[in-house]
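For reference, the structure discussed in these notes is given below.
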Amino acid sequence: MKPLPILLFFILLAVVALVSLSLGKFPLPIGEVAAFLAWKSVGLGHVQPDRLPLLENIVLQIRLPRILNACLVGGALSVSGASYQALFVNPLVSPGLLGVLAGASFGAALGMVFLKSWFAIQAATFLGGVAAVGLSLFIARIYQVRSTLMLVLGGIISGAFFTALVSIVKTLADPYTQLPNITFWLMGNLTLADRSTILRMGVPILLGILGLLLLSRQLNALSMGDEEARSLGVHVEWIRALVILLATLISTLTVVLGGIIGWVGLIIPHTARMLIGPNNETLLPVSALLGASYLLLVDDLSRTLFTVEVPIGIVTSLVGIPFFMLVMKNARKGWQ
Amino acid sequence: MATLAARKLCFSYQHKPVLAEVELEFQGGVTALLGPNGSGKTTLLKLLLGLLKPSKGEVLLDGRELSGMGHREVAQRMAYVPQIHREAFAYKVEDVVLMGRMPHASFFSPYSRRDLAEAHEAMDRLGILHLAQRPYTQVSGGERQLALIARAMTQGAQLFIMDEPTNGLDYGNQIRLLERLQTLAQDGFGFIFSTHHPDHALSVADRVVMINQGRVLRDGSADAISPQSLEEIYGVDVRLFDVQGGVRVCVPALRLKPIAC
């Protein structure tokens, strides 16, 4: 583990977060936001007293939860993408590999049509994601062959199945009230989560990220092949199960927070690998920080570009595709 | 020195026997494992490493049953040096060698200064310290094999199990690797390696185990390699010649025919 790149990317995230706090319909000077945060957290700095209620309201009540949300979603998607890529030793792997995003979409759509409470919808989203990964694992097991290929095939089947279920729910939904909600959710949207949801999801997401970071050395060994890892003293089955569990957990929770946000889990690990190399000890924390910064910036775009907010999932795709093409050109460095 | 023993070792894959009643004991030195494709060489090595579970019989490491030992404990005594293979990730040579400290490092703390020092010492001993910061995937096959041996040394293992270590190496690197193996054996490391070249066995092994169709055919000194035993396992006509200083070489009859005519 190299502390220097981690520190640099942490500073990057802090700067991006500060800029994001000042951006919006009502722009604030960055210096004032910084002074306010310093005053609020450690009691230093000077803020004009008559501006306090305004800052309190805009920075803390409105923008901070949104920024935490973007950081959590971006960090979680990137770390789970990086972990999956290391586990499956495959560059085309993203957090959706085992069907988790399709399953969570189904859970969310089902919840929006049949359940009343917001909490119940969130629970359904989470359970949908877990069910989809469970189905992939089950399909992989049917064939008795313990190979990652079977797991990937299981994920494709499970993902396709749950995508079909989402379509069924959409046809059943009320086209004037429920269908637009479902559609907006599936486009990816950071506006939907309120403060208590963010806090409730934030704790398990951070714990999941931390868990994956602790497994980074084991992931390095696993990416050399099961037998080599085993001969290095790694409990291959346990570690693999744990990585899948944690990566699934945090990527399902991102759907609860922001719907389906594509591309982040694919391009951020790639970019991070290009910048600081493939060693997961450094790659995973850097992916988390870079992913959080990236989604914050994209969210800034989606908030400020037009008078009407663009769903962030659309922006991540539009920004992500050309970005990915650029990255692919240099991706050989990390993969060969 | 670790001792490794196979007792009445049997292994079947999908009800087909691959190995039957293998009885072997290793105590240091260099053992070459010869046998045709599909004879069960790789299976035997994997059973000895504990990567496969025997259908019957047992493997004993220092007198204790392998399946009852912890993975880390096994890894500290015995190391696997796989064939070189194309890796997807371009880890630095140093990172790969450091993986050898996995059985020693605690689960949560990062590698310590001591771990790094051990890795550097092993790399230095094998003459690849200058490659430490190079991507593992961009060094030559021979250097990659040395990195894997350095990793095995970093594990603290005394016994190295190698599956066709010279496979995929050019002629010069094959010989350099065998030289390295010989030097390390003199320093007290034990080797069990499988090979397709009787000449490699003749040049470095002090013991040869020949297997065919899952059974041990010969087990003894390098003298076990004879025209008869080679004919028996490979089905080809091979002659052995003693050249100066008791050095024995193996020549396929194919090359002798033009002279005979």
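So you know, we letter chains A, B, ... as the sequences are listed, proteins then strands, and number each from 1.
- Of the residues A:Glu228, A:Met224, A:Gln218, A:Arg217, the one that meets the side chain to side chain contact (heavy atoms under 4.5 Å, CB included) test with B:Met99 is A:Met224.
- Contact residues of residues 28-60 of chain B toward chain A are B:Lys46, B:Gly50, B:Leu51 (heavy-atom distance under 4.5 Å).
- Ranked by heavy-atom pairs under 4.5 Å with chain B, the first of A:Val236, A:Leu232, A:Asn279 is A:Leu232.
- At a 4.5 Å heavy-atom cutoff, B:Leu98 makes no contact with chain A through either its backbone or its side chain.
- With sequence neighbours excluded, no residue forms a ring pair (Phe, Tyr, Trp, His ring centres under 6.0 Å) with B:Phe193.
- Applying the side chain to side chain donor-acceptor pair (under 3.5 Å) rule to pairs touching residues 282-295 of chain A yields nothing, sequence neighbours excluded.
- Taking every heavy atom of both residues into account, A:Gln85 and B:Phe89 meet most closely at O-CZ, 3.6 Å.
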Output, in order, the C-alpha distance, side-chain angles, deciding distance and verdict of side chain to side chain contact (heavy atoms under 4.5 Å, CB included) for B:Met102 and A:Val234. CA-CA 8 Å; B:Met102 296 250 330; A:Val234 176; 3.2 Å; yes
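- Contact check for A:Asn280 versus B:Tyr91: side-chain heavy atoms found under the 4.5 Å cut-off.
- Between A:Ser231 and B:Ala75, the shortest heavy-atom contact is O-CB, 3.4 Å.
- Enclosure of atom CD in B:Glu121 is not indicated, since only 12 or fewer non-hydrogen atoms of other residues, nucleotides or ligands lie within 6.0 angstrom.
- If you measure heavy-atom distances from A:Glu281 to chain B, the contacts under 4.5 Å come from the side chain alone.
- Residue B:Arg101: no heavy atom, backbone or side chain, is found under 4.5 Å from chain A.
- With sequence neighbours excluded, the residues that form a ring pair (Phe, Tyr, Trp, His ring centres under 6.0 Å) with A:Phe88 are A:Tyr84.
- Residue B:Val81 does not touch chain A at all, counting heavy-atom pairs closer than 4.5 Å.
- Looking at B:Pro103, both its backbone and its side chain come within 4.5 Å of chain A, counting heavy atoms on both sides.
- With a 4.5 angstrom heavy-atom cutoff, A:Leu215 touches chain B only via side-chain atoms.
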